[in-house]
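First comes the structure, then the notes that go with it.
Computed from a predicted model, the values in this text were never measured in an experiment. All values below come from the heavy atoms of this structure, side chains included, with hydrogens, waters and symmetry mates left out.
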Amino acid sequence: MTDIHVPPEWAPHAAIWTAWPWNAAEWGGDVAPARADIAAMIAALHAGGRGERLKVLAATPEALNNATAALGAMAEVIALPYGDIWLRDTGPIFARRGGERLALRFAFNGWGGKYVMDGDERVAAAIAARTGAALIAHAFVLEGGAVDLDGDGALITTRQCVLNPNRNPGWTEARAEAALKAAFGVRRIIWLDEGLANDHTDGHVDNIARFVAPGRVVCQAPHGDDPNAAALVAIARTLETATDAHGRKLDVIRIPSPGRVVDEDGAALPASHMNFIIGDAAVVVPVYSDSGDDAVRALAPLFPDRKTIGVSAHGLLRGGGSFHCITQQEPA
């Protein structure tokens, strides 16, 4: 263990960073639906000025002008080049070491070589420089969506992603644990096996299990004709037998999944209510189906000091992710 500490997502924020879609080719020729989803997320997080600062990257002059017009005073729009908008994976993970603010940067290879876009490998350092946080660069490949931390010594991840040979060839579970413990200053790694079907991230944990307090984790229960039913049951069983960094059994809460959400060809999409973002004033939950209201109602009691809001994320899902995927919190 190191003296590095990553504040949990529910700790106070200085800002939340996100990005504005700009490359129509990445969005089936139309960026408007994804932009509308992001604008709705930002409005919910802004909460009429009660939320934290929202900082939105724009990669082109058109995106800069469009985001500025769409968001107005709700966000600061920043001209900065990048490839894709998924800042959870390409941006820095903020941490502290004593009184020092840190930005942890990991190698990024386009989710195992699937989507390699110019600029993505430079985003973390660029954001770190703007915040004044000291950059710590790690040589191994890791995306932010592959890990979830409770701020109290425990981290959840998946074997499907972190041990995938398309990330760090030759990694064993023991070697991965050592690297993660050193990088994040945690003592306990909780391993899940697989994520959602057809998830191009190879099973990111922020689509399947999330800490909401030390020792308390949320996952999904199958809903309707759910293509991930078996995986969701296995995830819950693993978590129910797991312990945190203090040896305590986890408090596991299940909310309904979106069930089967498909694309225009009928293929199952990796839709998940777990991809929520915890802001200072609001928790924004992606919704896709008739289970959305039930998921929001199930999550709301877990965040009594925040408003839990369901926002449609169909436009973002066309690109493979949702609200947690496109955001990165900067601790206060």
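Between Trp22 and Tyr82, the angle of the ring planes goes over 60°, which puts this pair in the perpendicular group of the 30/60° scheme. Using a 30° and 60° split on the angle between ring planes, Trp86 and Trp27 fall in the tilted class, from 30° to 60°. Relative orientation of the His138 and Phe106 rings is parallel, given thresholds of 30° and 60° on the angle between their planes.
In terms of heavy-atom proximity, His223 sits nearest to Asp290 at NE2-OD1, 3.0 Å. Residues Gly153 and Val186 approach most closely at O-CB, 3.4 Å, considering heavy atoms. The two residues Gly279 and Ile16 come nearest to each other via the heavy atoms CA-CD1, 4.2 Å. Val123 and Leu87 get closest at one heavy-atom pair: CG1-CD2, 3.7 Å. The two residues Ala183 and Leu104 have their closest heavy-atom pair at O-CD1, 3.6 Å. When all heavy atoms of Phe323 and Ser312 are compared, the pair lying nearest together is CZ-O, 3.8 Å.
A continuous path of Ile, Leu, Val, Met, Phe, Trp and Tyr side chains, each step under 4.5 Å between heavy atoms, connects Val285 with Phe303, placing both in one hydrophobic cluster. Two different hydrophobic clusters hold Phe108 and Leu142 under the rule that ILVMFWY side chains link at heavy-atom gaps under 4.5 Å. Connection of Val287 to Leu269 is not established within any shared hydrophobic cluster, with ILVMFWY side chains joined at heavy-atom distances below 4.5 Å, either directly or through further cluster members. By the rule that hydrophobic residues join a cluster once side-chain heavy atoms approach within less than 4.5 Å of another member, Met74 and Leu64 end up as members of one cluster. Residues Trp191 and Val141 fall into different hydrophobic clusters, defined by Ile, Leu, Val, Met, Phe, Trp and Tyr side chains chained together at heavy-atom separations under 4.5 Å.
At distances below 3.5 Å, at least one donor-acceptor pair connects side-chain atoms of Asp280 with backbone N or O atoms of His13. Looking only at distances, a side-chain donor or acceptor of Asn109 sits under 3.5 Å from a matching main-chain atom of Asn166. A distance-only check finds no donor-acceptor pair linking the side chain of Lys55 to the backbone of Ala15 [under 3.5 Å]. Thr158 places a side-chain N or O within 3.5 Å of a backbone atom of Gly203 that can act as its donor or acceptor partner. In this structure, Arg50 contributes its side chain and Ala47 its backbone to a donor-acceptor pair below 3.5 Å. Between the side chain of Asp225 and the backbone N or O of Arg260 there is no donor-acceptor pair closer than 3.5 Å. Side-chain atoms of Thr60 come within 3.5 Å of backbone atoms of Ala63 as a donor-acceptor pair (strictly under, hydrogens ignored).
The shortest side-chain heavy-atom distance between Arg105 and Pro92 does not fall under the 4.5 Å cut-off. For the pair Val284/Thr327, no side-chain contact is recorded, criterion being any heavy-atom separation below 4.5 Å from C-beta on. Arg167 has its side chain out of reach of Val162: every pair of non-hydrogen atoms, C-beta onward, lies at least 4.5 Å apart. At a threshold of 4.5 Å between non-hydrogen side-chain atoms, the residues Gln220 and Asn228 do not count as touching. In this structure, the side chains of Glu9 and Ile277 come closer than 4.5 Å at one or more pairs of heavy atoms. Using a 4.5 Å cut-off on side-chain heavy atoms (C-beta onward), Thr201 and Cys161 make no contact. Counting heavy atoms from C-beta outward, Leu250 and Asp244 have side chains that approach closer than 4.5 Å. When side chains are defined from C-beta on, Thr131 counts as touching Trp17, because their heavy atoms get closer than 4.5 Å.
Tested against Ser257, the residues Ile208, Leu196, Asp226 include a single side-chain contact (heavy atoms from CB on, under 4.5 Å) partner, Asp226. Among Arg53, Arg101, Arg130, the single residue meeting the salt bridge (Lys or Arg N to Asp or Glu O under 4.0 Å) criterion with Glu330 is Arg101. Partner of Arg210 under the side-chain hydrogen bond (donor to acceptor under 3.5 Å, both in side chains) criterion, out of Asp148, Asp150, Asn275: Asp148 alone.
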Stepwise, does the side-chain contact (heavy atoms from CB on, under 4.5 Å) test hold for Val6 with Phe94? CA-CA 7 Å; Val6 178; Phe94 290 98; over 6 Å; no
Can Val218 and His273 be said to form a side-chain contact (heavy atoms from CB on, under 4.5 Å), step by step? CA-CA 10 Å; Val218 178; His273 297 314; over 6 Å; no
Show, in sequence, the C-alpha distance, side-chain angles and deciding distance for Arg306 and Glu52, and conclude whether the salt bridge (charged side-chain N to carboxylate O under 4.0 Å, His left out) test is met. CA-CA 12 Å; Arg306 296 169 169 87; Glu52 60 274 87; over 6 Å; no
May I have the step-by-step check of side-chain contact (heavy atoms from CB on, under 4.5 Å) for Phe211 and Asp152, ending in yes or no? CA-CA 11 Å; Phe211 281 116; Asp152 196 30; over 6 Å; no
Apply side-chain contact (heavy atoms from CB on, under 4.5 Å) to the pair Asn168 and Arg175, showing each step before the final yes or no. CA-CA 10 Å; Asn168 299 290; Arg175 186 172 176 186; over 6 Å; no
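Other residues, nucleotides and ligands place more than 12 heavy atoms under 6.0 Å from the CZ atom of Arg188. More than 12 heavy atoms of other residues, nucleotides or ligands shown are found within 6.0 angstrom of CZ on Arg248.
Note: Phe184 CZ to Ile93 CD1 = 4.0 Å, rounded to the nearest 0.5 Å. Note that CD1 of Ile136 and CD of Glu100 are 6.5 Å apart. Values are rounded to the nearest 0.5 Å. Once rounded to the nearest 0.5 Å, the distance linking OG of Ser272 with NE2 of His204 reads 13.0 Å. Considering CG of Leu57 and CD of Glu76, their distance stands at 10.0 Å, rounded to 0.5 Å. Between the CH2 atom of Trp20 and the CD1 atom of Ile326 there is a distance of 9.0 Å, given to the nearest 0.5 Å. A distance of 8.0 Å separates OG1 of Thr18 from CG of Leu54, quoted to the nearest 0.5 Å.
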